[in-house]
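In what follows, residues are counted from 1 in the order of the sequence shown.
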Amino acid sequence: MNQLLTRIAPTPSGYLHLGNAYSFLVTKAIAEKFGAKILLRIDDLDRDRFREEYVQDIFDCLDFLGINIDQGPRNLQDFHQEWSQIHRFGLYEQALEKLRVDKKVFACTCSRKKISQLDSSGYYLGHCLDRKIPLQRPEVAWRLDTLDADLIKLKDIHDRMHFEVIPEDVAFFVVRKKDRLPSYQLTSLIDDIHFGVNLIVRGKDLYSSSIAQTYLAEQLNLAAFQESRFFHHELMKGPKKKKLSKTDGATSIKQLRKDGKSLNQVIEMIGDYLGKPFQNYDDIKKTIS
């Protein structure tokens, strides 16, 4: 068996919160259980929300949580010089060009408002698929044609195979945004392939993304990604039963540290949100099966 490599992949768009901490600790526990190395991959292409203090917060949180990184940036300067997604932009453009040449994508001019008007579910159902809008037109998104997608195979951490169809929330998903930047689905896939990640840990809310990225890997002939193993952990819910979010003002690790909370106290808070009697990291490890 090849060496397993997993990753922690935060976005520097806000201070990390309890939900991020839980995901990081689950990733650490799975890495220890399966003998995997950990890569730190900071997804920073969203430059409108990027701030250096958010990048520094990632390093501070990892230190606080006791998570040692095997690959990836060690500090802010190292990140800028070697590890920013800006350095991999050429790889994203190559993937987009292959999709264009192979006629796997179509142009879409729909706004979110129009998509909601076309279908009350809010899901995009391929309205622009047959409109033949030129891909070169300004202010168009490139969407992947998923109309004829077959069953998609996903492998879990125990090597069990699961067969899935493209869910409605990622049908005809965007690979290049209207601002001409590559989308999360494309950059996440290309980065994982580039670094050799083959054990992907993420929340259950991103299960659809795992399916979408596996299908995208098929279209790009990236067979290695189809051998990746996936683990989707449960989500922490806030007081209104909504997923914790940086933009919703969820309690940040930075503030908890400032308030003098210890790591075990933070883990107890995570357990409270999950309805589990967590007291320390070992309790999180026991939930991994």
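- A salt bridge links R41 and D191; the closest N-O separation between the charged side-chain nitrogens and carboxylate oxygens is under 4.0 Å.
- By the rule that hydrophobic residues join a cluster once side-chain heavy atoms approach within less than 4.5 Å of another member, I200 and Y184 end up as members of separate clusters.
- At a threshold of 4.0 Å, the pair K276-E234 counts as salt-bridged, since one of the basic side-chain nitrogens sits closer than that to a carboxylate oxygen.
- For the pair F64 and V266, the minimum side-chain heavy-atom distance is below 4.5 Å.
- The OG atom of S111 lies 7.0 Å from the CD atom of Q117; values are rounded to the nearest 0.5 Å.
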Where do N264 and S262 land on the side-chain hydrogen bond (donor to acceptor under 3.5 Å, both in side chains) test, with the steps shown first? CA-CA 5 Å; N264 284 347; S262 67; 5.6 Å; no
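- With values rounded to the nearest 0.5 angstrom, K153 atom NZ is found 13.5 Å from E164 atom CD.
- Taking the six-membered ring for Trp and thresholds of 30 and 60 degrees, F172 and Y124 have ring planes more than 60 degrees apart, a perpendicular arrangement.
- The distance from the CG atom of L216 to the CD1 atom of I211 is 13.5 Å, given to the nearest 0.5 Å.
- Using a 4.5 Å cut-off on side-chain heavy atoms (C-beta onward), D60 and K254 make no contact.
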Intermediate values then yes/no, ring pair (Phe, Tyr, Trp, His ring centres under 6.0 Å), H233 and Y22: CA-CA 9 Å; H233 60 74; Y22 175 59; 5.4 Å; yes
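- Salt bridge status for D78 with R74: absent, with no side-chain N to carboxylate O gap under 4.0 Å.
- Below 30°, between 30° and 60°, or above 60°: for F50 and F79 the angle between ring planes is below 30°, a parallel geometry.
- A heavy-atom distance below 4.5 Å is not found between the side chains of P12 and R51.
- With respect to the salt-bridge test (charged N to carboxylate O, under 4.0 angstrom), the residues R229 and D159 qualify.
- Annotation: cation-pi pair R143/F173 absent, no NZ/CZ under 6.0 Å from the ring centroid and within 45° of its normal.
- Linking Ile, Leu, Val, Met, Phe, Trp and Tyr whenever their side-chain heavy atoms come within less than 4.5 Å leaves L118 and I133 in two separate clusters.
- Between Y92 and F89, the two ring planes are perpendicular [angle over 60°; tilted spans 30° to 60°].
- No side-chain heavy atom of E139 sits under 4.5 Å from any side-chain heavy atom of R180.
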